[in-house]
Amino acid sequence: QALCDRCVNPLTEDVIHVINMLTQGRGADGVIEAAGGNDTFELAWRIARPNAIVTIVALYDKPLLFPLPEMYGKNLTFKTGGVDGCDCAEILSLIEEGKIDTTPLTHRCSLNEIEEAYRIFENKLDGVIKVAIVCQTESNK
């Protein structure tokens, strides 16, 4: 069990303050940057403690700059790439158990609407942040 497993909503909380409070000023052991916003990359590395891992799964509109002088002394490890599908079963289980809250997602589509979901997301229509693809099975109808 990690010291603290908690999602922080930057729309309703001061992320840096919350992380500093939860970690007694040390910073997060690991950070997942999945938003891809204008300032979310900087926020991710700033809240990470020295020697932490920052995982980037977000897609960005433009290249990112690493402000190395500001990062000096943090010795961060960055992991990047697309979403790794091998953890999907665990993620879905955590969502089903209520341990991951997906209500902040702005759009939900069924699997047969996936092309429309990609069109909305790619074109940033309708204030989209992320899209959840909801699959119905016989057990959860």
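Only this structure's heavy atoms are used, side chains among them; waters, hydrogens and symmetry mates stay out.
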Measuring from [X]:[atom1] to [Y]:[atom2], what's the distance to the nearest 0.5 Å?
X: Leu22; Y: Arg26; atom1: CG; atom2: CZ; answer: 10.5 Å
X: Asn51; Y: Asp29; atom1: CG; atom2: CG; answer: 10.5 Å
X: Arg119; Y: Asn123; atom1: CZ; atom2: CG; answer: 6.5 Å
X: Ile53; Y: Phe78; atom1: CD1; atom2: CZ; answer: 11.5 Å

**Item:** Among Tyr72, Trp45, Phe41, the one residue meeting ring-ring contact (aromatic ring centres under 6.0 Å, His included) with Phe66
**Value:** Phe41
**Request:** Only counting residues at least two apart or in another chain, list the ones meeting side chain to side chain contact (heavy atoms under 4.5 Å, CB included) with Asn20.
**Result:** Ile16
Restricting to non-hydrogen atoms, name the atom on [X] and the atom on [Y] that form the minimum distance, rounded to 0.1 Å.
X: Gly36; Y: Ala58; result: N-CB, 3.2 Å
X: Ile47; Y: Ile19; result: O-CG2, 3.8 Å
X: Ala117; Y: Cys109; result: CB-SG, 3.7 Å
X: Gly73; Y: Pro50; result: O-CB, 4.2 Å

**Message:** So, using side chain to side chain donor-acceptor pair (under 3.5 Å) as the criterion, who are the partners of Asp39 when residues are at least two apart?
**Reply:** none
**Item:** Contacts of type side chain to side chain donor-acceptor pair (under 3.5 Å), residue Glu42, not counting sequence neighbours
**Value:** Arg46
**Prompt:** Cut-off 3.5 Å, side chains only: do Glu113 and Ser110 have a donor facing an acceptor?
**Reply:** yes
**Prompt:** Cut-off 3.5 Å, side chains only: do Tyr60 and Glu33 have a donor facing an acceptor?
**Reply:** yes
**Request:** Report yes if some heavy atom in the side chain of Arg49 is under 4.5 Å from a heavy atom in the side chain of Thr23; otherwise report no.
**Result:** no
**Prompt:** Can you check whether Val54 reaches Lys79 side chain to side chain, under 4.5 Å on heavy atoms?
**Reply:** no
**Request:** Treating Ile, Leu, Val, Met, Phe, Trp and Tyr as nodes and any side-chain heavy-atom pair under 4.5 angstrom as an edge, say whether Ile114 and Phe121 lie in one connected cluster.
**Result:** yes
**Co-membership, hydrophobic cluster, residues Leu43 and Leu65, 4.5 Å side-chain** = no
**Message:** Is it the case that over 12 heavy atoms from other parts of the model lie below 6.0 angstrom from the CG atom of Leu76?
**Reply:** yes
**Request:** Please say whether more than 12 non-hydrogen atoms of neighbouring residues, nucleotides or ligands are located less than 6.0 Å from CD in Glu97.
**Result:** yes
